[in-house]
Amino acid sequence: MSLADELSRLDELRQRGVLSDEEFVRAKARLLDGPAAAPAVDAVNRLRRSRDDRWLGGVCGGLARATGVESWIWRLVTFGLAFFGGTGVLLYLLLWIFVPEDPV
């Protein structure tokens with residue numbers, strides 16, 4: 001259903017008395033603003049490598065800032081994954097390459 005169809009349907013509901021004027025305005029604003037991003041999507045979009053909390057590439061410091069978990073915990077998790085199977089090294093390198101650095 002297109003945006004124009006949704007708006008005309010809302011107007012029709014208002015004219016029939018199903019929606020009050022206040023409800024119509026709120027529903028119309030919600031439709032025009034678009035869907036809100038999920039918190040996980042916002043955290044991924046905010047993810048940046050840290051410039052000041054870094055040992056190597058700033059990945060764990062950036063993860064700490066984005067998630068609210070201490071950076072030493074992320075370093076411990078990365079070390080554990082690197083020690084058990086090597087996935088931590090691969091994951092760290094990929095994040096180092098693809099996650100942009102925090103602007104100054």
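Just so you know, these numbers use all the heavy atoms, side chains as well, and skip hydrogens, waters and symmetry mates. Throughout, residue positions are numbered sequentially from 1 according to the sequence presented.
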What are the two closest non-hydrogen atoms of [X] and [Y], and how far apart are they?
{"X": "Leu47", "Y": "Val99", "result": "O-CG1, 3.7 Å"}
{"X": "Cys60", "Y": "Ser71", "result": "O-CB, 3.9 Å"}
{"X": "Leu31", "Y": "Glu6", "result": "CD1-CB, 3.6 Å"}
{"X": "Glu101", "Y": "Arg48", "result": "O-CD, 4.1 Å"}
{"X": "Ser50", "Y": "Gly62", "result": "CB-N, 3.7 Å"}
{"X": "Thr67", "Y": "Leu63", "result": "OG1-O, 2.7 Å"}

Are [X] and [Y] connected in the hydrophobic side-chain network, where two residues link if heavy atoms are under 4.5 Å apart?
{"X": "Phe79", "Y": "Trp74", "result": "no"}
{"X": "Leu32", "Y": "Phe24", "result": "yes"}
{"X": "Leu94", "Y": "Trp55", "result": "no"}
{"X": "Leu90", "Y": "Leu81", "result": "no"}

Rounded to the nearest 0.5 Å, what's the gap from [atom1] on [X] to [atom2] on [Y]? Could you check?
{"X": "Leu10", "Y": "Glu23", "atom1": "CG", "atom2": "CD", "answer": "10.5 Å"}
{"X": "Glu70", "Y": "Asp53", "atom1": "CD", "atom2": "CG", "answer": "8.5 Å"}
{"X": "Arg26", "Y": "Ser20", "atom1": "CZ", "atom2": "OG", "answer": "6.5 Å"}

Whether Trp96 and Tyr92 hold their rings parallel, tilted or perpendicular, with breakpoints at 30° and 60°: perpendicular
Within-4.5 Å side-chain heavy-atom neighbours: Leu91 and Val59: no
Derivation of the side-chain contact (heavy atoms from CB on, under 4.5 Å) call for Arg75 and Leu56: CA-CA 11 Å; Arg75 289 183 182 103; Leu56 194 59; over 6 Å; no
Steps toward salt bridge (charged side-chain N to carboxylate O under 4.0 Å, His left out) verdict (Arg14, Asp11): CA-CA 5 Å; Arg14 182 181 58 135; Asp11 188 44; 2.6 Å; yes
Test side-chain contact (heavy atoms from CB on, under 4.5 Å) applied to Arg65 and Asp102, step by step: CA-CA 11 Å; Arg65 186 177 302 136; Asp102 193 20; 2.8 Å; yes
